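Only one structure is covered here, and it is reproduced in the block below.
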Protein chains: 2
Amino acid sequence: MKRQITIKDIAVKLGLSTSTVSRALKDHPDISPKTRAAVKELAALLGYRPNRIALNLRNNSTRTIGLIIPEIEHYFFSAIINGIEEIAYKNDYSVMVFQSNESYKREVINTQAVLTNRVDGVLVSFSKETNDFSHFQKLIENEIPVVFFDRVVDSLPADQVVADDYQGAFIAVNHLIEKGCRRIAHFAAPQNLQIGKSRLSGYHDALLKHNIHFDHELVFLADTYETAKKAAHDILRKPNPPDGFFAVNDMSAIAIIKAAKELGKRVPEDLKVVGFENSKSAGLSDPELTTVDQFGFELGREACLMLLKRLKEQTPAELFKPIRKVIKTKLVVRSST
Amino acid sequence: MKRQITIKDIAVKLGLSTSTVSRALKDHPDISPKTRAAVKELAALLGYRPNRIALNLRNNSTRTIGLIIPEIEHYFFSAIINGIEEIAYKNDYSVMVFQSNESYKREVINTQAVLTNRVDGVLVSFSKETNDFSHFQKLIENEIPVVFFDRVVDSLPADQVVADDYQGAFIAVNHLIEKGCRRIAHFAAPQNLQIGKSRLSGYHDALLKHNIHFDHELVFLADTYETAKKAAHDILRKPNPPDGFFAVNDMSAIAIIKAAKELGKRVPEDLKVVGFENSKSAGLSDPELTTVDQFGFELGREACLMLLKRLKEQTPAELFKPIRKVIKTKLVVRSST
DNA sequence: GAAATCAATGCAATCGATTGAAATTTATTT
DNA sequence: AAATAAATTTCAATCGATTGCATTGATTTC
């Protein structure tokens, strides 16, 4: 790599000390106008750029945010990254991305990478496999601010940003009931994830409100296209199949529609389907999918803003009070209901 | 932030010099086994982690790769990031992501950010707006290795990784013709992008091969869902509409299918559609979309590997010979043809 | 027993920029 | 002209780790 121009180069050429050059460049009042002008001119001429690494070392800060995320290749998460990058960019921070690929082991390595890279703060949505949170605990012990988004834990002293999963699930199921469904299945996420629990709970309470019996047999663990497709096939072939489906994400919902079509059932006539996410695909499926918009972009923005606030504040650990921010969700009604 | 344990802390506690501690930690033969053991034990006990920033300064390297990309929120690009992160991870590099949001202005700022962050190398897919490449030229002049992927320029001395756009377009259109289409429209990308040109050229040559007249009137600039939907509506309402469509990406292709359905036309009976990308959505549309898989994940991997190779080699600028790697594409036949 | 050898450790400079304190130069006052 | 004040500039330490070159002390050799 070509050697970059340093402050020393400028100092030598002008017969000054590095201190003077440094101060001249940042308009320190001690420096005479003449010297200042000379320094700035030469700096511009040589294309001087301050060495960020040196500043990082001195300030013990990198103006970098670490992002630990399950899978980039997933609309919801890429929308979140988009929101994060937007805010980071505006505040002159950079974003380092680490994928866990839904693997606990890799996630632990990611937290180490985040430590060695000395990022100023970390944004985390943990993997489906994660049940032990001590690797995040370690980040916090190192006094690196951590903000969890979407997938969060209450047991750690860290901020959280989540969609209003309970409310989203509730309005989704409520909508199904109002559209005439009485036997509603729920395709759920793993129950170690809070989103799994909250959405199940919203589903449960919406049924309750309308005096519909909550049937354990109608709740399935199916949060991917493949598992949902298989599960939907199984259920729809049984006698007395559900007339409504509330899926924990759009992929599962679209899989249900697909399975229904393959079995010669019509959506929304024979069964209605609601998803959760409002991904690009939701608007493209046939029929178009009714779904709960969880505003990934906003969620990413909020999470990043919250982290930046912590970085400014520098709250000492003993005074730390975690904040939980909930992003309202919104039902987007399309033709699958 | 909590002060991290440094080599000096260890040195003081053991009554040694920092040099000895440093050498002990890296198993330098000069250090006696006793001292080495003591140092390592204390280091482990205190949870010592070498300060990467200090090493960055000393080695003038950050083990970080900069990624400048139009939009994360797009299946193809997120697949590419996935591939890049995969390779970077395996080689102990980190990835910094900068979005241009298809804006030339922002892209220029991104190249500056990449410079101030002192990344070791840069991966670039430039924006649709970009016609002036001097900001990338500046990176190269600073002897920062640059690899372009997907959207590339020949005028700069930099490596390239691209999908075989010509071949992909050719087999796609050839497929349409073999399926009986004779009047085939092309929804193209802007012609300042090489992918736009190459795919148009593949389309052209496939027609030629089958002695089908190339009609300028059948080529449209429409590379987003919205523009494609509008264009498709217009064309399909005219007399003698096309019986086949080759779209430059899946979103446009799906928009065409949608427009056709809205006009009461059947796919693939009345018209056949082929996309380009093989996104998640392609498998979900109804009918499922025939498309050209451009292997985004592989493309990202290859681009990253190529960059890492350059970082190892350190070829001096005057000996630099750009390499162009072409990833073969593959037709995925589904029910839209 | 003095010189040579070798193992083990320490010193000090380096990477680039910053900054409190000291030193120098210049201007002002008496 | 001397004394003081004010304006500039430099010195040197710092951030954390590394490394060529001493230095120390012990052992070996003739």
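Below, all heavy atoms of this structure are taken into account, side chains as well, without hydrogens, waters or symmetry copies. Here is the naming used below: chain letters follow the sequence lines, and residue numbers restart at 1 for every chain. Every value quoted in this text rests on a predicted model; they were computed, and no experiment measured them.
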So, for A:Leu307 and A:Gly121, which heavy atoms are closest and what is the spacing to 0.1 Å?
CD2-C, 3.8 Å

Strand-adjacent residues in residues 11-20 of chain B, judged by heavy atoms under 4.0 Å from DNA chain C
B:Gly15, B:Leu16, B:Ser17, B:Ser19, B:Thr20

I'd like to know if the side chain of A:Asp120 pairs up with that of A:Ser61 as donor and acceptor (distance under 3.5 Å, no hydrogens or angles considered).
yes

Any carboxylate oxygen within less than 4.0 angstrom of a Lys/Arg side-chain nitrogen, looking at B:Lys138 and B:Glu141?
no

Nearest atoms (heavy-atom pairs only) where B:Val161 meets B:Ala303
CG2-CA, 3.6 Å

I need the single residue from A:Ile195, A:Val162, A:Leu193 that forms a side chain to side chain contact (heavy atoms under 4.5 Å, CB included) with A:Asp150. Which is it?
A:Ile195

For DNA chain C, which residues of residues 26-39 of chain A approach it to below 4.0 angstrom with any heavy atom?
A:Lys26

Check this for me, if you would: do B:Arg23 and B:Asp30 make a salt bridge, where the nitrogen-to-carboxylate-oxygen distance has to be below 4.0 angstrom?
no

Run the salt-bridge test on A:Arg106 and B:Glu86 with the 4.0 Å N-O cut-off and return the result as yes or no.
yes

Check this for me, if you would: do B:Lys40 and B:Asp27 make a salt bridge, where the nitrogen-to-carboxylate-oxygen distance has to be below 4.0 angstrom?
yes

Ionic contact status for A:Glu102 with A:Arg151, cut-off 4.0 Å
yes

Can you identify which nucleotide, out of C:dG16, D:dG20, D:dC11, has its nearest atom closest to the B:Arg23 side chain?
D:dG20

Separation of D:dA13 atom C1' from A:Leu57 atom CG, nearest Å, is 13 Å

Would you indicate what A:Leu55 reaches in the nucleic acid, counting non-hydrogen atoms under 4.0 angstrom: base, sugar-phosphate, or nothing?
sugar-phosphate

In terms of heavy-atom contacts, B:Ala158 and B:Pro322 come closest through O-CB, 3.4 Å

Roughly how bent is the helix from C:dG1-D:dC30 to C:dT30-D:dA1 end to end, in steps of 10 degrees, with each end axis from five pairs?
80°

Can you tell me the distance, in whole Å, between the NZ atom of A:Lys8 and the C1' atom of D:dC11?
14 Å

For the pair made of CZ in A:Arg52 and C1' in C:dT18, what is the distance, rounded to whole Å?
16 Å

How close or far is atom C1' of C:dT18 from atom CG of A:Asn59, stated in whole angstroms?
8 Å

Please state how far atom CD1 in A:Ile53 lies from atom C1' in D:dG16, giving the value in whole angstrom units.
14 Å

Parallel, tilted or perpendicular for B:Phe126 and B:Phe136, by the 30°/60° rule?
tilted

